[in-house]
Amino acid sequence: MRRKLVAANWKMHGSRAVIEELIPAIIEGVGGVSADVAISPPFVYLEAAGRALQGSAIALGAQNVSAEASGAFTGEIAADMLRELACRYVIVGHSERRALFGEDDALVVRKAVQVLRCGMTPVFCVGETLAQREAGATLAVVGSQIGALLGALSSAELLRCVIAYEPVWAIGTGLTATPGQAQEVHAFIRGRCAEQGAADVRILYGGSVKADNAAELFAEPDIDGGLIGGASLNADEFTAICRAAE
Ligand code: 13P
């Protein structure tokens, strides 16, 4: 049985004041929820967020990590540092990183390897653009992104990962993939992982998940929860999404 996971990606939002207000409200709201819940604030707030989460069942996550273990890499953050701050999850290869910061599959896979080396869970993001979907290339694009990960990891390592399918056209646009569209890609990803002995890998959907569409997405057989952007900055909305994963 795969446990559902709902992970917040705050992106470049938040402040100390937001943490002081939002995290206690989320802790209260998700009390007793059976799904795993994680919150990924910007790097500089990880320590404060970790303190605010202490004693709760909510895990801390980061939004990015260096592909290098340590060294002269100005401005980078190593996986060991995130581990030291008690991060359990690290998002790698978000489409914003791929599109805006030039990250390619090879780099994203190296990041995932660093996260695994430090005993944390990479949340490996994949997804097609609108042009790719309209060209009928969705499965080819996602297959190639997943293939890069599969080529680098053993089945035991793969099972320690979480995969997030986030169609680029659905991120921050209010356009959500239909449950059927998402399920098709999730089943495809699971099939590829199954060929490598990792059928039970958790696969999240991300892209305009809200309180009012979460339940129908999470009801699909291969959707194991969500990676939530905008809606994770509102305690009531995020809490309702976590409850939809029950
Ligand atoms: P939105 O939920 O704002 O569409 O963002 C999704 C996302 O990119 C999560 O990583």
Side-chain angles (χ1 to χ4, degrees), residues 4-14 18 22 26 30 35-43 45-46 49 58-65 82 87-101 103 108 111-112 115 120-130 132-133 138 141-142 145-146 149 161-179 181-182 185-186 189 202-218 220 223-245:
K4 290 253 196 301
L5 167 65
V6 180
N9 174 9
W10 285 7
K11 308 193 178 183
M12 201 169 73
H13 297 291
V18 165
L22 194 53
I26 291 173
V30 304
D36 291 336
V37 178
I39 293 180
S40 316
F43 284 137
Y45 299 127
L46 281 171
I58 301 175
L60 190 62
Q63 300 174 17
N64 186 24
V65 67
L82 299 178
C87 283
R88 296 238 291 274
Y89 298 92
V90 183
I91 299 167
V92 295
H94 190 281
S95 66
E96 288 150 16
R97 304 272 346 147
R98 291 176 184 265
L100 304 173
F101 301 97
E103 296 194 5
V108 176
K111 293 183 174 201
V115 175
M120 299 177 291
T121 299
V123 179
F124 186 87
C125 299
V126 299
E128 81 289 1
T129 63
L130 185 59
Q132 289 165 333
R133 174 162 283 267
T138 297
V141 169
V142 171
Q145 293 166 333
I146 287 291
L149 187 69
C161 296
V162 167
I163 292 169
Y165 169 56
E166 299 204 305
V168 177
W169 49 271
I171 294 176
T173 57
L175 288 175
T176 317
T178 64
Q181 283 173 323
V185 180
H186 281 235
I189 294 170
R202 287 194 289 184
I203 308 173
L204 311 184
Y205 169 79
S208 298
V209 178
K210 309 283 179 222
D212 63 5
N213 59 23
E216 58 175 12
L217 286 159
F218 298 165
E220 292 292 334
I223 300 184
D224 302 317
L227 184 55
I228 319 300
S232 73
L233 293 159
N234 177 299
D236 290 341
E237 188 82 8
F238 185 64
T239 297
I241 294 169
C242 294
R243 297 213 163 272

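In listed order, ligands and their atoms are each counted from 1.
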At what distance, to the nearest 0.5 angstrom, does [atom1] of [X] lie from [atom2] of [Y]?
{"X": "Asn234", "Y": "Ile241", "atom1": "CG", "atom2": "CD1", "answer": "9.0 Å"}
{"X": "Ile91", "Y": "Glu96", "atom1": "CD1", "atom2": "CD", "answer": "9.5 Å"}
{"X": "Thr129", "Y": "Ile171", "atom1": "OG1", "atom2": "CD1", "answer": "11.0 Å"}

*Before giving the answer on side chain to side chain contact (heavy atoms under 4.5 Å, CB included), spell out for Leu227 and Tyr89 the whole-Å C-alpha distance, their side-chain angles and the decisive distance to 0.1 Å.*
CA-CA 12 Å; Leu227 184 55; Tyr89 298 92; over 6 Å; no
Which atoms of ligand 1 sit under 4.0 Å from any heavy atom of [X]?
{"X": "His94", "result": "7 (C), 8 (O), 9 (C), 10 (O)"}
{"X": "Gly230", "result": "1 (P), 2 (O), 3 (O)"}
{"X": "Gly207", "result": "4 (O), 6 (C)"}
{"X": "Asn9", "result": "9 (C), 10 (O)"}
{"X": "Ala170", "result": "4 (O)"}
{"X": "Gly172", "result": "1 (P), 3 (O), 4 (O)"}
{"X": "Lys11", "result": "5 (O), 6 (C), 7 (C), 8 (O)"}

*Examine the proximity of ligand 1 to Leu227 and report which part, side chain or backbone, both or neither, has a heavy atom under 4.0 Å away.*
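Answer for Leu227: both.
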*Pick, from Glu96, Glu166, Lys210, Gln63, the option with the minimum heavy-atom distance to atom 6 (C) of ligand 1.*
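It is Glu166 that holds the nearest heavy atom.
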*Report the relative orientation of the aromatic rings in Tyr205 and His186; use parallel for angles under 30°, tilted for 30 to 60°, perpendicular for over 60°.*
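The rings of Tyr205 and His186 sit tilted, inter-plane angle from 30° to 60°.
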*Backbone or side chain, does any N or O of Ala231 fall under 3.5 Å from an N or O of ligand 1?*
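No; the residue has no nitrogen or oxygen that sits under 3.5 Å from a nitrogen or oxygen of the ligand.
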*Using distance alone, determine whether Gly229 and ligand 1 share an N or O pair under 3.5 Å.*
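Yes.
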*asked:* Using heavy atoms and a 4.0 Å limit, tell me yes or no: is Gly206 in contact with ligand 1?
replied: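 Not so, Gly206 does not reach ligand 1.
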_Is it the case that the side chains of His94 and Gln63 hold a donor-acceptor pair, with the cut-off being a distance below 3.5 Å and no angle test?_
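No pair is found: no donor N or O on one side chain lies under 3.5 Å from an acceptor on the other.
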*Run the numbers on Val6 and Phe218 for side chain to side chain contact (heavy atoms under 4.5 Å, CB included), then give the verdict.*
CA-CA 10 Å; Val6 180; Phe218 298 165; 4.3 Å; yes
*Under 3.5 Å: donor-acceptor pair, side chain of Lys4, backbone of Gly225*: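 Not confirmed, Lys4 side chain does not pair with Gly225 backbone.
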